[in-house]
Amino acid sequence: MRDLSALRRVLLAWYTTHARELPWRARVGEPADPYKVWVSEVMLQQTRVGTVLRYYDRFVDRFPTAASLAAAEEDEVMASWSGLGYYRRARLLHAGVKEVVAHYGGHVPEERAARSSLPGVGRYTAGAIGSIAFGRPEPIVDGNVMRVFARVFRIETPLGHRDTAEHMWRLAETLVAGERPGDLNQALMELGATVCTKASPACEACPVAAHCAARRAGQQANLPVAKARRPPRRVTMVAVLATSQRGRRVWLTRGQAALFGGLWNLPMGEGDSADVARGVLREAGLAGRLTTDPVARFKHVLTHRRLEVSLFRATARGTSQGDLRAAGAADLDALGISSLTRKGLRHGGFAG
DNA sequence: AACGCGGGGAG
DNA sequence: CTCCCAGCGTT
């Protein structure tokens, strides 16, 4: 559709009456806190609103300002992120606020280039902070916006193609130029999340149905064209639930790898045999006795992996230092633990 | 351009 | 089961 101003108008009007109340949204007439917008937008990367709601309040309550987050220990930050996934986001956010404190007096920089250069702040997040917190006409294109655009403008090239993405960013840039850029961007995302949904778009309730090319052509169910997806790889893993002699504390190692980096995990390795489990124990810096067979098997599914985990039990000695530590049940809440490790502790009967 | 990175909710 | 979510950084 050529008349973007009509689309703008309808979206803003709809958003004014249909926006969900979300804790990171500023009240009408109040300026949004750029730091809180930043935190929420990082949490929202590839993560649904409903999931973020379970973490956001606790996080900003504990770290209410950029300075307070910058001053926190990494373990403390990871503990607050524990279970939310994509843990690198937390470490990048932490690095980002440190940079803000060091170079910008603790204030999120309003200037686009400075904002974009912060760790973890990509094209999307920079635009979200710019438009929502600073009221600048900066575009946003996320999964919701792509779906809405693909339908409204009947874009039939697959998502994920460079040309498709660039086309959509240009559309977003054109559309956001005007009043209330933050609301316009949020209106697009909100529409995609609540009305123009993937499986069954509620066209009869959609404010832009009259402007929708896909709807006109009866193609709304066939758009957008998804990008091809690679099937997840199946991986067998061994995890060792090694406790101290009296079974009161469990040995955890802090991951440095990309997977679960920065989190405290059960010692793990790829494979399914007792031999591998022995190697895992030794590799962790532990000496002890191990069950000959797994005490439990469980699955853990990630987007890109299907892990089948064999859990061994051990009693082991070692020295808590660096990336190895013995944690009591009461310590676990203060540590960043992956859901996989949480699951392993449960299957192994270590509730403390 | 492709890939790795969590976890969970919806259908 | 499958899909994909208010993406980013690396290669």
Side-chain angles (χ1 to χ4, degrees), chain A residues 15 19-20 22-25 37-56 78 81-93 95-96 116-133 138-148 158-166 168-169 172 182 184-194 196-201 221 224-233 235 255 257-263 265 299-307 336-343:
Chain A
Y15 184 70
R20 285 174 287 184
L22 299 172
W24 49 85
R25 285 225 243 268
V37 172
W38 185 7
V39 170
S40 69
E41 293 298 341
V42 172
M43 285 188 170
L44 286 162
Q45 290 167 11
Q46 293 291 284
T47 308
R48 294 170 194 280
V49 167
T51 302
V52 170
L53 285 173
R54 300 201 299 271
Y55 290 82
Y56 174 82
M78 298 311 289
W81 205 273
S82 178
L84 191 52
Y86 281 150
Y87 297 97
R88 188 175 54 170
R89 293 182 297 177
R91 294 194 288 174
L92 291 171
L93 174 62
S116 293
S117 74
L118 296 169
V121 179
R123 200 173 180 180
Y124 165 83
T125 307
I129 299 172
S131 62
I132 296 169
E138 298 179 17
I140 283 182
V141 175
D142 73 333
N144 289 309
V145 176
M146 284 196 282
R147 187 169 52 256
V148 170
L159 301 183
H161 282 202
R162 186 179 181 73
D163 298 346
T164 309
E166 285 315 312
M168 291 189 174
W169 278 96
L184 191 282
N185 280 335
Q186 291 179 91
L188 276 171
M189 295 191 286
E190 189 82 353
L191 187 71
T194 63
C196 193
T197 56
K198 183 179 86 67
S200 50
V225 177
K227 58 181 156 188
R229 199 174 301 277
R230 190 174 303 272
R233 194 157 66 93
V235 183
L259 187 61
F260 304 129
L263 291 178
N265 301 298
K299 299 183 199 304
H300 189 71
V301 181
L302 311 178
T303 301
H304 49 296
R305 296 263 195 285
R306 298 181 51 85
L307 307 181
I337 308 278
S338 66
S339 291
L340 169 56
T341 288
R342 212 174 289 286
K343 204 180 286 185

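Lettering of chains follows the sequences in order, A, B, ..., and the numbering in each one begins at 1.
Shown here are the side chain to side chain contact (heavy atoms under 4.5 Å, CB included) partners of A/Lys198, two or more places apart in sequence or in another chain: A/Arg147. By the salt bridge (Lys or Arg N to Asp or Glu O under 4.0 Å) test, A/Arg123 is found to be paired with A/Glu166, residues two or more places apart in sequence or in another chain being considered. Shown here are the salt bridge (Lys or Arg N to Asp or Glu O under 4.0 Å) partners of A/Arg25, two or more places apart in sequence or in another chain: A/Glu190. Judged as a ring-ring contact (aromatic ring centres under 6.0 Å, His included), and not counting sequence neighbours, A/Trp169 has no contacts. Under the ring-ring contact (aromatic ring centres under 6.0 Å, His included) criterion, A/Tyr56 pairs with A/Trp24, sequence neighbours left out.
Rounded to the nearest Å, the gap between the P atom of B/dG6 and that of C/dT10 is 15 Å. C/dA6 and B/dG11 have their P atoms separated by 13 Å, given to the nearest Å.
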Where protein sits on nucleotides 5-11 of chain B, one letter per nucleotide: B base, S sugar-phosphate only, - none, heavy atoms under 4.0 Å: BBBBB--
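Taking atom CE of A/Met146 as the reference point, atom P of C/dC4 lies 11 Å away to the nearest angstrom. Computed from coordinates, the A/Leu191 CG to C/dC5 P distance equals 15 Å when rounded to whole Å. Put simply, CG on A/Leu44 is 12 Å from P on C/dC8, counting in whole angstrom units. Going from atom CG of A/Asp142 over to atom P of C/dC5 covers 8 Å, rounded to whole Å. The CG atom of A/Asn144 sits 19 Å away from the P atom of C/dC3 (whole-angstrom rounding). The separation between A/Ile132 atom CD1 and C/dA6 atom P is 13 Å, rounded to whole Å.
Annotation: side chain of A/Leu259 is in contact with side chain of A/Leu302 (closest heavy-atom distance under 4.5 Å).
The phosphate of B/dA2 has neither OP1 nor OP2 within less than 4.0 Å of any side-chain N or O from A/Arg162. Contact annotation: A/Arg230 reaches the phosphate of B/dC3 (side-chain N/O to OP1 or OP2, under 4.0 Å).
Residue contacts shown for A/Leu22 include a base, since a base heavy atom lies under 4.0 Å away. Among the atoms of the strands shown, none is found under 4.0 Å from any heavy atom of A/Arg91. Nucleic acid contact class of A/Thr125 (heavy atoms, under 4.0 Å, all strands): sugar-phosphate only. Looking at heavy-atom distances under 4.0 Å, A/Val145 makes no contact with the nucleic acid at all.
DNA chain C is contacted by both A/Gly120 and A/Glu41; A/Glu41 maps to the nucleotide lying nearer its 5′ end (nearest heavy atom per residue). If A/Lys227 and A/Lys299 are placed on DNA chain C by their nearest nucleotide, the residue sitting closer to the 5' end is A/Lys299.
Minimum interatomic distance between A/Arg91 and A/Met78 (heavy atoms only, all atoms of both residues): CG-SD, 3.7 Å.
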